Amino acid sequence: MKTDYRGIGMTSQRTRDRLIARLQERGIKNNEVLSVIREMPRHLFVDEALASRAYEDTALPIGHGQTISQPYIVAKMTEILLEAGPRQKILEVGTGSGYQTAVLSKLVERVYSVERISPLQNQARERFYQLKLNNIKLKHSDGNWGWEWYAPYDGIIVTCAPEHIPLELLKQLAPGGRLVIPVGTSQGQSLRVIDRQGDRYEETELDPVSFVPLLSGQI
């Protein structure tokens with residue numbers, strides 16, 4: 001049976017267009033990012049019971065204590081990652097549902113994504129196969145260690161929040177590269193941008209955010 005990626009009812013194009021209008025109202029300006037999010041079938045990245053809420057601008061549970069990020073946050077982090085120019089090779093820490101990964105895959109040459117929870121990774125892999133996204137490479141691993149084999153990366157995006165920026169991620173960032181990462185605890189987190197200039201790292205603190213914590217180990 002052929003899957004209809006356009007969706008019906010609450011997953012219709014009109015519903016997606018309303019989401020894009022909402023993102024624009026909140027300040028997302030990158031038309032390429034908006035176009036990819038408009039076309040990306042977010043309802044395929046959540047449980048069927050939640051499909052009718054897939055195009056709301058909200059995070060949704062995906063099991064294992066994890067969530068699919070709010071579309072605004074996906075758009076914002078992607079826009080920030082790309083605003084300094086094209087990025088060819090991206091490391092993503094925290095595959096989760098695979099939604100952020102899929103969005104990135106439409107905008108960069110190659111995405112390397114690590115996930116510590118094996119069942120989530122397996123579900124994401126199946127979605128990428130369905131959607132014929134062939135420029136994504138996955139690894140079951142502790143995200144604190146990044147993915148040294150393919151380093152350096154000219155962009156790194158982290159979709160879970162460590163208390164402190166992992167040193168390994170800084171090491172794996174190429175000169176001229178950019179790291180976008182939420183940092184903090186349950187008491188408070190903020191989105192940070194780290195730009196590597198030679199051996200120097202310039203950090204900028206942006207808005208308050210709320211992400212699941214970056215945990216160690218594998219499941």
Side-chain angles (χ1 to χ4, degrees), residues 45-47 59-70 73-74 77-78 80-81 87-105 108-129 133 135-175 177-196 199 201 203 205-206 209-219:
F45 292 85
V46 299
D47 188 274
L60 295 169
I62 56 172
H64 305 276
Q66 306 297 300
T67 60
I68 181 174
S69 291
Q70 176 187 5
I73 289 293
V74 171
M77 292 178 73
T78 305
I80 291 167
L81 188 73
R87 306 284 167 181
Q88 301 303 311
K89 189 164 65 166
I90 300 297
L91 171 66
E92 178 193 38
V93 176
T95 314
S97 69
Y99 178 67
Q100 171 76 82
T101 328
V103 169
L104 285 169
S105 77
V108 304
E109 191 172 301
R110 194 84 185 168
V111 183
Y112 298 86
S113 187
V114 296
E115 171 59 56
R116 65 185 288 270
I117 302 173
S118 183
L120 288 182
Q121 185 189 63
N122 292 336
Q123 289 172 355
R125 180 181 284 109
E126 178 59 30
R127 289 168 183 139
F128 302 151
Y129 177 76
L133 303 177
N135 62 335
I136 299 168
K137 205 167 185 65
L138 301 176
K139 183 181 184 183
H140 181 222
S141 177
D142 183 331
N144 287 283
W145 299 106
W147 196 344
E148 188 178 13
W149 183 264
Y150 292 102
Y153 303 94
D154 53 9
I156 300 177
I157 194 165
V158 183
T159 61
C160 37
E163 292 187 20
H164 308 285
I165 298 170
L167 183 59
E168 282 300 316
L169 298 186
L170 295 177
K171 288 180 180 176
Q172 292 174 28
L173 192 63
R178 168 168 284 192
L179 165 63
V180 183
I181 181 171
V183 181
T185 67
S186 58
Q187 305 305 308
Q189 301 170 3
S190 62
L191 193 61
R192 315 281 180 92
V193 178
I194 292 90
D195 289 301
R196 182 173 180 181
D199 292 328
Y201 296 88
E203 182 173 337
E205 185 171 357
L206 302 178
V209 289
S210 179
F211 280 79
V212 296
L214 174 59
L215 301 176
S216 298
Q218 296 166 234
I219 298 174

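Nothing here was measured: the structure is a model prediction, and the numbers come from that model.
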Problem set entry | Over all atoms of both residues, closest heavy-atom pair of V209 and P182 | CG2-CB, 3.9 Å
Exercise. What distance separates H140 NE2 from L120 CG, expressed to the nearest 0.5 Å?
Worked result: 9.5 Å
Exercise. Less than 4.5 Å apart, any side-chain heavy atom of R110 and any of Y112?
Worked result: yes
Problem set entry | Over 12 non-hydrogen atoms of neighbours within 6.0 angstrom of CD in Q88 | yes
For this session: Find out whether L91 and I157 are in side-chain contact, i.e. whether some heavy atom of one side chain is under 4.5 Å from a heavy atom of the other.
Result: no
For this session: Output yes when a side-chain donor or acceptor of Q121 lies under 3.5 Å from a complementary backbone atom of K139, and no otherwise.
Result: yes
Problem set entry | Side-chain heavy atoms of Y150 within contact of K137, under 4.5 Å | yes
For this session: I would like to know whether V180 and I194 meet side chain to side chain contact (heavy atoms under 4.5 Å, CB included); could you show each step before the answer?
Result: CA-CA 7 Å; V180 183; I194 292 90; over 6 Å; no
Problem set entry | L191 side chain near I80 side chain, heavy-atom distance below 4.5 Å | yes
Problem set entry | Pairwise distance OG(S97) to CG(D47) - rounded to 0.5 angstrom | 12.0 Å
Exercise. What's the shortest heavy-atom distance between G94 and T159, and which atoms?
Worked result: O-OG1, 2.7 Å
For this session: Measure up the Y99 and F45 rings against each other and bin them: parallel (under 30°), tilted (30 to 60°), perpendicular (over 60°).
Result: perpendicular
Exercise. Looking just at side-chain N and O atoms, do E92 and T101 make a donor-acceptor pair shorter than 3.5 Å?
Worked result: yes
Seminar exercise, completed: So CH2 of W149 and OG of S141: to nearest 0.5 Å the spacing works out to 14.5 Å
Problem set entry | For T78, all residues meeting side-chain hydrogen bond (donor to acceptor under 3.5 Å, both in side chains), sequence neighbours excluded | Q100
Exercise. CZ of R178 to CD1 of I156: how many Å apart, nearest 0.5 Å?
Worked result: 13.0 Å
Show me, pair by pair, the donor-acceptor contacts under 3.5 angstrom made by side chains of residues 166-175, not counting sequence neighbours?
| unit_1 | atom_1 | unit_2 | atom_2 | d |
| --- | --- | --- | --- | --- |
| Q172 | OE1 | W147 | N | 2.9 |
| Q172 | NE2 | W145 | O | 2.9 |

Problem set entry | K89 NZ/CZ over Y153 ring centroid, <6.0 Å and within 45° of normal | yes
For this session: Would you give the length of the straight line joining atom CD of E115 to atom NE2 of H64, rounded to the nearest 0.5 angstrom?
Result: 9.0 Å
Exercise. What is the distance from atom CD of Q189 to atom CD of E163, rounded to the nearest 0.5 Å?
Worked result: 10.0 Å
Exercise. Is there a salt bridge (Lys or Arg N to Asp or Glu O under 4.0 Å) between R116 and D142 once you walk through the steps?
Worked result: CA-CA 5 Å; R116 65 185 288 270; D142 183 331; over 6 Å; no
Exercise. Looking only at heavy atoms, which two atoms of N135 and S105 are closest? And how far apart?
Worked result: ND2-O, 2.9 Å
For this session: Grab the two heavy atoms, one from R127 and one from V46, that are nearest each other, plus how far apart they are.
Result: NH2-N, 4.4 Å
Problem set entry | L179 side chain reached by I165 side chain, heavy atoms, under 4.5 Å | yes
Problem set entry | Under the side-chain hydrogen bond (donor to acceptor under 3.5 Å, both in side chains) test, residues paired with R125 that sit two or more places apart | N122
For this session: Please report the closest heavy-atom contact between V114 and G146, naming both atoms and the distance.
Result: CG1-O, 3.8 Å
Seminar exercise, completed: In short, L81 meets R87 closest at the heavy-atom pair O-NE, 3.3 Å
